Structure formats: structure tokens, C-alpha cells
Enquirer: 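This structure is in C-alpha cells; I'll ask about it shortly.
Proteins come first, then strands; the chains are lettered A, B, ... in the order of their sequence lines, and each starts at number 1. From a predicted model like this one, the values you see are computed outputs, not experimental measurements.
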There are 2 protein chains.
Amino acid sequence: MTVSRVINNTGRISESTRARVKQVMEELNYVPNSMARSLVKQETKMLSLLITDITNPFYTTLARGAEDTAMRNGYKLLFGNSDEDYAKERDYVDMVLSTRADGVLFAPAGDGSAEHLRMLQRRNVPFVILDREVPGIEADHVLGDSREGARRLVEHLLDLGHTRIAMVGGRQDVSTARLRYAGYLEALKLADIPFDPALVHDVGYTAVEGMAFVDDLLSAEAPPTAVFAANNFLALAVIRALRVRDVRVPDDLSVVCFDDFGESIALDPFLTVARQPAYEFGSLGMQLLIERIQGAAGAAPRKIVLPSELVVRQSSAAPPGVV
Amino acid sequence: MTVSRVINNTGRISESTRARVKQVMEELNYVPNSMARSLVKQETKMLSLLITDITNPFYTTLARGAEDTAMRNGYKLLFGNSDEDYAKERDYVDMVLSTRADGVLFAPAGDGSAEHLRMLQRRNVPFVILDREVPGIEADHVLGDSREGARRLVEHLLDLGHTRIAMVGGRQDVSTARLRYAGYLEALKLADIPFDPALVHDVGYTAVEGMAFVDDLLSAEAPPTAVFAANNFLALAVIRALRVRDVRVPDDLSVVCFDDFGESIALDPFLTVARQPAYEFGSLGMQLLIERIQGAAGAAPRKIVLPSELVVRQSSAAPPGVV
DNA sequence: AAAAAATATGTTACCGATAACCCTAAACTA
DNA sequence: TAGTTTAGGGTTATCGGTAACATATTTTTT
């Protein structure tokens with residue numbers, strides 16, 4: 001008990017015993033057992049961040065934002081990676097529940113994550129949802145302006161003179177994929193361009209393979225002159241697929257996408273993108289989470305929508321034949 | 001107790017009570033408290049991975065390798081990021097000790113990490129050191145062939161006809177930085193090129209700023225025609241600094257470096273690099289760690305040295321004036 | 001049918017910390 | 001001087017599991 005008082009600076013301790021305790025702690029390399037403490041305090045000072053793709057710079061940057069903010073508030077952060085896979089996500093939720101994290105920053109794999117989020121709700125584990133909304137779940141959110149951003153990207157292509165614009169989208173059980181699709185449609189509608197379903201292909205956000213449809217696009221009667229990819233990895237996959245087929249970007253075909261790549265890594269940023277403030281996704285989300293844990297937040301769920309920024313680079317240009 | 005037996009499938013339980021317990025568990029959304037379990041079992045099934053730069057693709061790829069292997073063996077993995085900072089590293093070690101991780105995969109910030117590793121040793125926490133050796137610490141290691149790889153990179157430059165080759169190195173309290181420097185010297189020596197200390201500059205591995213010395217290099221009497229950077233981020237920093245000064249790579253100056261960038265991210269890999277098998281660093285390290293934890297390893301420390309692969313790309317070419 | 005063995009479940013103590021309460025000696029008050 | 005504070009520190013119970021042992025049923029053996 002006396003030791004506990006010294007460690008936590010609580011109660012009254014004479015300077016002499018305090019010193020003695022500290023010295024013995026030093027001698028024995030004593031480190032308090034945080035599990036024992038958590039067991040009685042019913043609080044772990046551990047938070048958890050679940051992302052869907054640890055190789056995507058959007059998420060690693062987000063992770064840094066979350067970690068920095070957690071650290072500053074005296075929390076440790078546990079990372080997890082669901083790989084866009086509901087089964088892994090479920091395992092991760094089990095783990096979070098059994099380790100009794102004080103809260104979770106949750107980037108859901110998709111609409112099917114509702115079940116997992118409800119598990120958290122039932123156990124009263126506070127959480128904040130990042131990046132993707134999940135129908136049926138009321139909670140704090142930090143989101144991007146997927147619809148708006150998509151519209152702006154497509155409008156950028158329209159402004160350049162494109163009229164046949166293909167879209168490569170994510171799985172339709174992911175809210176951002178739906179909204180980006182909606183933004184795409186909206187831009188076409190506003191410009192009075194007829195919608196051609198043959199130009200739209202949905203693959204997973206990480207589907208680097210499965211680019212066979214590119215052949216269909218290219219060999220179509222009226223092939224597209226531009227492609228809007230719903231995220232950064234899809235754009236890369238498309239560009240690689242085009243290169244294999246000797247299609248030049250942007251000379252033959254323009255490509256734009258959502259999400260940038262890490263600035264620290266890219267030497268020659270090439271893609272025209274809607275850049276999302278990834279770091280802020282993490283730091284703001286963490287802030288909301290900590291407020292909620294500490295009871296500083298009202299009952300009503302809060303929703304933060306972060307604007308994206310249109311960054312025009314070389315991958316988008318006027319369609320062939322147009323000056 | 002009966003519940004415990006059902007959960008762990010130990011002892012004898014009648015099918016009827018087993019079913020009853022399971023049903024009630026379901027109803028109550030019961031999840032066992034892993035802290036309580038760890039407290040009595042003196043085992044957490046949690047491992048810890050400390051890396052020095054979470055934004056570097058070398059480490060994130062390594063992290064995946066470690067995570068996959070941990071997962072397959074029934075362990076959870078906690079990530080930490082020291083930012084090449086001894087103070088943060090120390091905090092992290094404290095955290096590891098207090099959370100009672102069963103073991104640690106440790107990428108040390110430098111020679112000063114010895115103190116932290118000794119803390120782990122004193123508490124009998126098994127660990128495996130990744131990427132960098134720490135003088136005075138005996139332990140399992142997974143390392144790259146820094147010296148060898150550096151020599152090959154420099155020899156590649158020599159083969160192209162370069163004789164004035166600058167080196168931008170990491171902090172000299174990091175073993176890989178020393179070895180890469182040694183490899184550089186060795187290559188020069190083998191080729192009978194006199195060593196010019198004016199061509200060598202040491203900055204931190206993450207020192208993206210502090211590229212002022214580039215001016216000195218360029219304005220020198222006999223400026224270098226090639227630069228060997230001790231890691232990927234240094235190479236990027238150098239190239240950026242060169243661009244600002246209108247020096248073209250590789251036309252005016254060749255640049256090569258250790259460590260590749262994530263293949264998934266780079267659209268047009270440009271740099272000539274010594275690529276290290278980052279994923280294997282993580283997976284092999286994890287394997288060593290788990291063997292040690294489970295007592296399957298002999299007392300003697302094991303040391304795995306993974307070869308790097310010379311990947312020649314566009315950033316290296318013959319010096320100006322040479323065909 | 002009594003003893004032995006097997007099966008199914010219950011008890012107790014403990015892991016290492018902390019909350020809540022208790023105790024002792026010195027210092028202070030009336 | 002007796003009574004009351006106060007400082008300093010000790011005790012006990014508890015968090016939620018599990019090891020080790022104990023008990024109560026059946027089933028099997030002789």
C-alpha cells in the first residue's frame with residue numbers, strides 16, 4: 001500500500017520512506033503491473049485503433065494523428081488491421097473486448113461492421129467511427145466529403161473536355177464507395193452527360209488484381225477518355241493495367257482518384273487526386289473519443305465532415321484530339 | 001470455475017451444462033477479461049513490436065510480416081513507434097514492462113538503446129533485435145547485410161564510371177549507418193579510389209531537413225558525380241535538395257540508396273536501391289521470438305543476416321561526359 | 001452389495017494492485 | 001494534563017479469472 005501511495009503520489013508519505021521505497025524500486029527494477037491496476041480500477045488507459053489497410057498511406061498517416069493525440073492525453077494506442085475483412089474485424093473486436101480497451105477508433109470494413117459495432121455498444125465500449133458510415137449505427141463520426149470530392153474530381157475532368165468518364169468503384173457495401181459513386185452521377189447529371197452503366201465497374205478498394213474489365217472499357221465502341229478511381233490503390237492498379245496495354249496517361253486517358261499518397265514517399269506526385277486530411281482524421285477522431293470517454297461529450301452523436309482538396313497534377317489532361 | 005472450464009475446454013463438463021453456460025454467455029454478451037486471466041497465468045499472449053519510423057515503408061512492411069506471424073501463432077501484436085528518439089523508446093519499454101508483454105521485437109534507435117534492452121533483460125522479457133545491432137547486447141538478431149549491400153551499391157556506381165562518390169549517412173551511433181559507411185570505404189579501397197572526407201556527411205536517418213551541405217558538395221572544387229544515401233528517406237531528401245538547385249538526376253548526378261519504397265505505392269520506381277526483404281525481417285524475427293518464448297530455442301543467441309538485392313533503376317547512370 | 005473408480009461440479013486461495021477503513025504516535029488544543 | 005488532531009502508515013477486501021483440491025453423484029468392478 002505504501003508503495004502504491006508513492007507511485008501514485010496519493011495520501012501522506014514521509015519524505016524518508018518515499019525515498020526508501022524509490023530506492024528499493026530501483027534496486028529491484030520494479031515496474032508496476034498495469035493489469036493488476038486495471039483490474040481494480042476498471043480502466044486500462046489503452047485505446048484501440050482499427051484500420052482496414054495498414055499498407056495504405058491514408059491509414060498510416062491517420063494512425064499517426066491518432067497516436068500523437070492519444071499519447072498527449074496519457075493513453076496508449078493499440079493498432080489493428082482488418083484487411084477489409086469482416087472475419088478479421090470480428091476477431092479484433094473480440095480482442096478489444098477482452099483486453100478492456102477504454103475506447104476504440106473504428107474504421108469499419110463496411111456495412112457488415114454494424115454487427116461488430118453493436119457488440120461494442122452492448123458492452124458500453126465508447127467508439128468513434130472513422131471514414132465510413134455504417135447504416136443503423138449511431139455514433140460519433142469523422143468522415144470525408146466523399147460525394148462532394150468525387151463530384152469535384154469528375155467536374156475537373158468535364159472541365160478538361162472529357163465526356164466519356166469511366167468509374168472504378170469500391171465495394172458497394174462501403175459508404176464511401178456509394179457516396180463517391182453518387183458524386184460521380186451527380187457531376188454527370190449537372191453537366192447533362194448521359195450515364196452509361198457500361199463505364200462503371202466496382203471492385204474492392206484493395207483489388208489490385210481483377211483489372212480485366214479494362215479491356216472491355218478500351219475495346220468498347222465509344223471508349224472512355226478518363227477514369228475516376230474511387231481510391232488511390234485502385235488508381236494505381238488502373239494505371240498499371242493501362243501501361244501493360246500501352247495506353248499512356250494522361251495522353252490517351254486521364255486518371256484521377258480519391259486519396260493522395262504519402263508526401264514523404266512520393267518523389268514525383270503524378271496523380272490528380274482529392275486529397276483527404278488523413279492526419280486530422282486520426283487526431284480529431286481521437287479527440288472525440290477521449291472526450292466521450294471522459295464524459296466531456298453530450299449524449300448526441302457528433303459528426304465531423306472534413307473537406308478534401310482537389311490537387312491537380314499530370315495524370316489528368318484534355319482528352320486526345322482536344323486542345 | 002465451471003464457466004472457466006467451458007471457455008478453456010479443460011476438465012470434464014457435461015454437454016448439458018456446457019450448453020447452458022454457452023447460452024448464458026451469449027445472453028449476457030460475456031467476454032472473458034484477459035487481464036484477470038493474464039494476472040494469474042503470468043502470460044499475456046501479447047507481443048510488442050517497436051519500430052523507429054512508422055512512416056517508412058521498410059518498417060510498415062516489416063510490421064506486416066511480424067503481425068502475420070504473430071497472428072498465426074495465437075499472439076496479439078502491439079505496435080510502437082520510437083521516432084528514432086531514445087526518450088520515446090524508454091517510455092515504450094516502460095509500457096511494455098507494465099503491460100507484461102510476453103516478448104518484444106525491438107528495432108533499436110541506436111547504440112543508446114542498450115540501456116533499454118538491459119531493462120528488458122533484467123525483467124526476463126525475451127526479445128529479438130531487428131535491423132540494428134547494439135554493442136554490448138547479446139540477443140537473437142535479424143539483420144541486413146549493410147556493409148555488403150553498401151559495397152555493392154558503390155561498386156555499381158564505380159562500374160558506371162563514377163570516381164567522386166559522396167555519401168550521406170545516418171547517425172554514427174546506429175550500427176547500420178556505421179556498416180554502410182564501412183561498405184562505402186571498402187568499395188573505394190578495392191577500387192583504389194582515394195577517400196575524401198569532404199564527400200561524407202552524416203545526418204539522421206529521418207533528417208529530411210538539414211540538406212544544406214548539398215551546397216558545399218556542389219560548389220566544391222571537384223564535386224561528386226554520384227551520391228550514396230544510407231537509406232531511402234535520405235535519398236529522397238537529397239534528390240529534393242538537388243531539384244531545388246536545378247541539378248538533374250541522373251543526368252548531372254546519380255543517386256543510389258539502401259532500402260526500397262513500398263512496391264504497392266510507387267508507380268514509377270526511380271531509385272537504384274539495395275532492397276532489403278522487409279517482410280522477412282518481421283516474420284523471421286517474430287518466429288525467433290516465439291521460439292524463444294516457448295523455450296524452443298537454445299541458449300545461444302542466433303543471428304540471421306538477410307541479403308539485400310541490388311535493384312538498378314534510372315537514378316544511376318554514367319557520370320556526365322562519359323559514354 | 002460394498003468398494004473402487006470415474007464423472008461432474010463446487011471451494012478456496014491466489015495473481016498484484018487499490019479503495020476504504022483502521023491504527024499508532026506525535027503535535028496541538030483547551 | 002487530558003482530549004483532540006494530524007501525520008504516517010498498516011489491514012482487509014476486491015477486481016475476474018484459474019490452479020489445486022474437495023465434494024457429490026453416478027457407474028463400474030469384485
Enquirer: Please determine, for the side chain of A/R37, which listed nucleotide (D/dG17, D/dG10, C/dA17) has the closest atom?
Expert: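 Closest nucleotide among those given: C/dA17.
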
Enquirer: In whole angstrom, what separates A/M35's CE from C/dT18's P?
Expert: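 After rounding, the gap between these two atoms is 13 Å.
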
Enquirer: Which residue, A/I7 or B/I13, contacts DNA chain C at a nucleotide closer to its 5' end, judged by nearest heavy atom?
Expert: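 Result of the comparison: B/I13.
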
Enquirer: Indicate the atoms forming the closest heavy-atom contact of A/P135 with A/A114, along with that distance.
Expert: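 Heavy-atom minimum between the residues: O-CB, 4.2 Å.
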
Enquirer: Looking at B/T17, does any N or O in its side chain come under 4.0 Å of the phosphate oxygens OP1/OP2 on C/dA8?
Expert: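 No.
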
Enquirer: Rounding to a whole Å, what distance do you find between A/R100:CZ and D/dG16:C1'?
Expert: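 After rounding, the reported distance stands at 8 Å.
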
Enquirer: Taking only side-chain N and O atoms of A/Q42, does any of them lie within less than 4.0 angstrom of OP1 or OP2 on C/dT18?
Expert: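 Negative; the distance criterion is not met.
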
Enquirer: Any donor-acceptor pair under 3.5 Å joining the side chain of A/R5 to the base of D/dG10?
Expert: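 Flag set: donor-acceptor pair detected.
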
Enquirer: For D/dG17, take OP1 and OP2 only and decide whether either is under 4.0 Å from a side-chain N or O of B/S38.
Expert: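 So the side-chain polar atoms of B/S38 never come under 4.0 Å of the phosphate oxygens OP1 or OP2 of D/dG17.
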
Enquirer: Between A/L62 and A/L130, what is the shortest heavy-atom contact and its length?
Expert: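 Closest pair (atom of A/L62, atom of A/L130, distance): CD2-CD1, 3.7 Å.
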
Enquirer: Salt-bridge test for B/D102 and B/K41: reply yes if a basic N is under 4.0 Å from a carboxylate O, no otherwise.
Expert: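 No salt bridge links B/D102 with B/K41.
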
Enquirer: By nearest atom, which of the nucleotides D/dG17, D/dG10, C/dG10 is closest to the B/M1 side chain?
Expert: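 Nucleotide nearest to B/M1's side chain: C/dG10.
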
Enquirer: Mind calculating the distance between CG (A/N8) and C1' (C/dG16) to the nearest angstrom?
Expert: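 Value for this atom pair: 13 Å.
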
Enquirer: To the nearest 0.5 angstrom, please state how far the CD1 atom of A/I51 sits from the CD atom of A/E84.
Expert: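 Rounded to the nearest 0.5 Å, the CD1-CD separation comes out at 10.5 Å.
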
Enquirer: Strictly below 4.0 Å, N to O, side chains only: are B/E115 and B/R118 in salt-bridge contact?
Expert: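 B/R118 and B/E115: not salt-bridged.
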
Enquirer: Considering just the side-chain nitrogens and oxygens of A/S4, establish if one lies under 4.0 Å of OP1 or OP2 belonging to C/dA17.
Expert: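 Checking C/dA17 against A/S4, no side-chain N or O comes under 4.0 Å of OP1 or OP2.
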
Enquirer: Could you state the CZ-P distance from B/R18 to C/dT9, rounded to the nearest angstrom?
Expert: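 From B/R18 CZ to C/dT9 P: 10 Å.
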
Enquirer: For the pair made of CG in B/L39 and P in C/dG16, what is the distance, rounded to whole Å?
Expert: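 That distance rounds to 7 Å.
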
Enquirer: With DNA chain D as reference, determine whether A/S16 or A/A36 sits nearer its 5' end, using the nearest nucleotide of each.
Expert: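 Final value for this comparison: A/S16.
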
Enquirer: Which nucleotide in the list D/dG17, D/dA7, C/dT18 gets nearest to the side chain of A/R12?
Expert: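 Selected nucleotide (nearest to the side chain): D/dA7.
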
Enquirer: Taking only side-chain nitrogens and oxygens of A/S14, does any of them come within less than 4.0 Å of OP1 or OP2 of D/dA7?
Expert: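 Checking D/dA7 against A/S14, no side-chain N or O comes under 4.0 Å of OP1 or OP2.
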
Enquirer: Does B/K41 make a side-chain N or O approach to OP1 or OP2 of D/dA19 shorter than 4.0 Å?
Expert: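 Checking D/dA19 against B/K41, a side-chain N or O does come within under 4.0 Å of OP1 or OP2.
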
Enquirer: Answer yes or no: does a side-chain N or O of A/N33 lie under 4.0 Å from OP1 or OP2 of C/dC15?
Expert: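 For C/dC15, OP1/OP2 do not have a side-chain N/O of A/N33 under 4.0 Å.
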
